[in-house]
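Here the structure comes first, spelled out in structure tokens, and everything after it is commentary.
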Protein chains: 2
Amino acid sequence: MAKQTKNNAERKQRVRNRNEKKIISAAEKIFSEKGYNTATIQEIADKLNMPKANIHYYFPTKKDLYLTVIMKLRDLWKNEVDVMMTKSDAKTALRIYVRSLLDISFENPHAHKIWNWEMMRGARNLTSDIRESMKKRNKKETALIQSWVDTGQIVSIEPQNLLYFLWGITTHFSHQRDQIKILNGNKHLSKEQREKVYDDAVNMILRGVIIE
Amino acid sequence: MAKQTKNNAERKQRVRNRNEKKIISAAEKIFSEKGYNTATIQEIADKLNMPKANIHYYFPTKKDLYLTVIMKLRDLWKNEVDVMMTKSDAKTALRIYVRSLLDISFENPHAHKIWNWEMMRGARNLTSDIRESMKKRNKKETALIQSWVDTGQIVSIEPQNLLYFLWGITTHFSHQRDQIKILNGNKHLSKEQREKVYDDAVNMILRGVIIE
DNA sequence: GTCTATAGTCCGATAGAC
DNA sequence: GTCTATCGGACTATAGAC
């Protein structure tokens, strides 16, 4: 009896985990396409051939689901900062940073787009601990860049501004994906074109700030 | 009698023009803050101390109002290309181009933000003539930049990519206005900070591409 | 032209049967 | 856990008095 109860509980847990993952994955796509307000639970449910009541069963409110998605994406950036921190010289660190941000923009535009929707609306849905982790990560990044300035590896520049420039350049390719498509003969950028973007971006940025 | 009728018609026309202008101006602000779907007629009406039925009197549907706003903003970019074209050297042209794009981002963020909302939504509302004028302007710009490459004024770079980088850097400051505010101690950038952004951006870009 | 009231629709969330 | 049915609220749009 006890064993059967336990097996039942385990099975239910597995079902729960599986469904939560499916829902989060579908939600990530819909939220990135439409933004928080325009996205609907119904659409997410349809994508999964599931009654929308089931979504509410796993995530009581729309905001709960949204925050779960945001939290998951937040971790995506954490690594880059750490990777950048471990590189000793500015040149290598910048090269890797730009590369990984562009990779996210090209390969997984959902992440940048959801973030962009959120920021466009004034970051209304961000909890204070998300804001704090944002600021904390930012502080690490600016301190690192400032050290490059202090050791004469890069030109004198406001570290925060350099970060804005890097973010602006790289996120542009996910936010403005559709405009780029229009200007590119109604085709998304090819693999070769993406490589050229990466080369041109790194060249301009390194030439722009690195002191040889 | 005829005269009075005419005066009446003129007066009504003046009232109509005045109200349409007021509504467009308020709508521009609300649409840029919230995007098409999240913005409500009610909020635009409240901003003008006006019943929302009046908005519908002047603009039958929400989309009519939105398209009117988009059309108006489209003209904002036309000038910059022309100004850039008249400058003989790459250095001066780039300096002015970056300056004017940043000015729009800082002084009138509505324009870039509405454009960005539209692109994020997949450019659903763009008519084909808007797309064509986009491509046409773009062709002029890339041709100009290519001529700088050919005459050895700037390094070898895909002109389209350079434009994406310039747009990414400059529009970031309107799209991500709220994130920047959070990272800046909950204050929008001061006049001095904006000047530093301008200097840092121009320095990095010119150093990055100009051949002295 | 201006206003109040409301029709019609869509969405988030819940109740309750299975 | 899964599903159907529905409530309550918000929004676009319209009807109709002034």
Side-chain angles (χ1 to χ4, degrees), chain A residues 4-31 33-70 117-118 121 124-125, chain B residues 4-27 29-31 33-70 117 121 124-125:
Chain A
Q4 187 163 7
T5 305
K6 191 184 161 205
N7 281 344
N8 249 335
E10 274 175 7
R11 192 176 52 78
K12 287 211 171 179
Q13 188 58 43
R14 275 202 306 279
V15 170
R16 170 169 279 274
N17 284 341
R18 184 162 42 83
N19 282 333
E20 282 181 353
K21 270 196 180 176
K22 273 169 53 183
I23 293 167
I24 289 170
S25 171
E28 190 178 312
K29 189 131 190 282
I30 304 293
F31 280 133
E33 282 170 3
K34 313 225 165 169
Y36 178 75
N37 284 287
T38 306
T40 65
I41 307 273
Q42 185 64 64
E43 196 175 358
I44 297 169
D46 288 347
K47 200 177 172 67
L48 297 167
N49 291 318
M50 190 185 270
K52 69 175 174 177
N54 291 29
I55 311 261
H56 283 292
Y57 175 74
Y58 290 104
F59 299 92
T61 70
K62 185 182 182 183
K63 198 160 227 166
D64 287 331
L65 175 55
Y66 180 74
L67 282 177
T68 306
V69 170
I70 281 269
W117 284 113
E118 185 56 35
R121 298 227 322 112
R124 280 177 180 71
N125 291 319
Chain B
Q4 187 163 5
T5 304
K6 189 184 161 203
N7 281 345
N8 249 334
E10 275 175 6
R11 191 176 55 77
K12 287 211 173 182
Q13 188 59 43
R14 274 199 309 276
V15 170
R16 171 170 276 274
N17 283 341
R18 183 161 45 84
N19 282 334
E20 281 181 352
K21 270 196 179 174
K22 272 169 57 182
I23 292 168
I24 290 171
S25 172
K29 188 129 190 283
I30 304 294
F31 279 133
E33 281 169 5
K34 312 225 164 169
Y36 177 76
N37 284 289
T38 306
T40 64
I41 306 274
Q42 184 65 63
E43 197 175 357
I44 297 168
D46 288 347
K47 201 176 171 66
L48 297 167
N49 292 317
M50 191 184 269
K52 67 176 172 176
N54 291 29
I55 312 264
H56 278 107
Y57 175 74
Y58 290 105
F59 299 92
T61 71
K62 188 182 180 181
K63 198 160 228 165
D64 287 333
L65 176 54
Y66 179 73
L67 282 178
T68 306
V69 170
I70 281 268
W117 286 116
R121 297 207 320 130
R124 281 178 180 73
N125 288 318

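A note on names: the letters A, B, ... follow the listed sequences, proteins ahead of strands, and every chain is numbered from 1. Any value given below was found using the heavy atoms of this structure, including those in side chains, with hydrogens, waters and symmetry copies removed. Everything numeric in this text was worked out from a predicted model, so none of it was measured.
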query: Short question: side chain of E118(A), backbone of N125(A) - any donor-acceptor pair under 3.5 Å?
result: yes
- request: Can you sort out which residues in residues 43-53 of chain A have a heavy atom within less than 4.0 Å of DNA chain C? Ascending by number, please.
  value: K52(A), A53(A)
- prompt: Are side-chain heavy atoms of K21(B) and I24(B) found at a separation under 4.5 Å?
  reply: no
field: Heavy-atom pair with the smallest gap, counting every atom of Y36(B) and K62(B)
entry: O-NZ, 2.9 Å
query: Y36(A) has an atom OH; how far is it from atom P of dG12(C), in whole Å?
result: 8 Å
field: For P51(B) against A45(B), the heavy-atom pair lying closest together
entry: C-CB, 4.1 Å
message: If you compare all heavy atoms of Y57(B) against all heavy atoms of R16(B), which two are closest, and at what distance to 0.1 Å?
response: CE2-NH2, 3.9 Å
- prompt: Which residue pairs pass the salt bridge (charged side-chain N to carboxylate O under 4.0 Å, His left out) test with at least one member in residues 46-56 of chain A, sequence neighbours excluded?
  reply: none
message: Does dG1(C) have OP1 or OP2 under 4.0 Å away from a side-chain N or O of N19(B)?
response: no
- prompt: L65(A) versus F31(A): any side-chain heavy-atom pair under 4.5 Å?
  reply: yes
- request: Measure from the side-chain N and O atoms of K29(A) to the backbone N and O of I44(A), and report whether any donor-acceptor pair falls under 3.5 Å.
  value: no
- request: Whole angstrom is fine here: how far is it from CD in Q42(A) over to C1' in dA13(C)?
  value: 13 Å
- prompt: Rounded to whole angstrom units, what separation is found between the CD1 atom of I30(B) and the C1' atom of dC11(D)?
  reply: 15 Å
- prompt: From the list dC11(D), dG1(D), dG1(C), which nucleotide is the closest neighbour of the side chain of R16(A)?
  reply: dG1(D)
task: Rounded to the nearest angstrom, tell me the gap between atom CD1 in I41(B) and atom P in dC10(C).
output: 17 Å
- prompt: Counting just side-chain N and O atoms, does N54(B) come under 4.0 Å of either OP1 or OP2 of dG1(C)?
  reply: no
field: Those residues of residues 57-64 of chain B lying under 4.0 Å from DNA chain C by at least one heavy atom
entry: Y57(B), Y58(B)
- prompt: Just how far, in rounded Å, is P of dT9(C) from CG of N37(B)?
  reply: 19 Å
field: Nearest-angstrom distance from the residue atom CG of N125(A) to P of dG12(C)
entry: 13 Å
query: Distance-only, no hydrogens or angles: does the T68(A) side chain make a donor-acceptor pair with backbone N or O of D64(A) under 3.5 Å?
result: yes
- line: Whole-Å distance, H56(B) NE2 to dT14(D) C1', equals 9 Å
- prompt: Which whole-number value in Å describes the distance from R14(B) CZ to dG1(C) C1'?
  reply: 15 Å
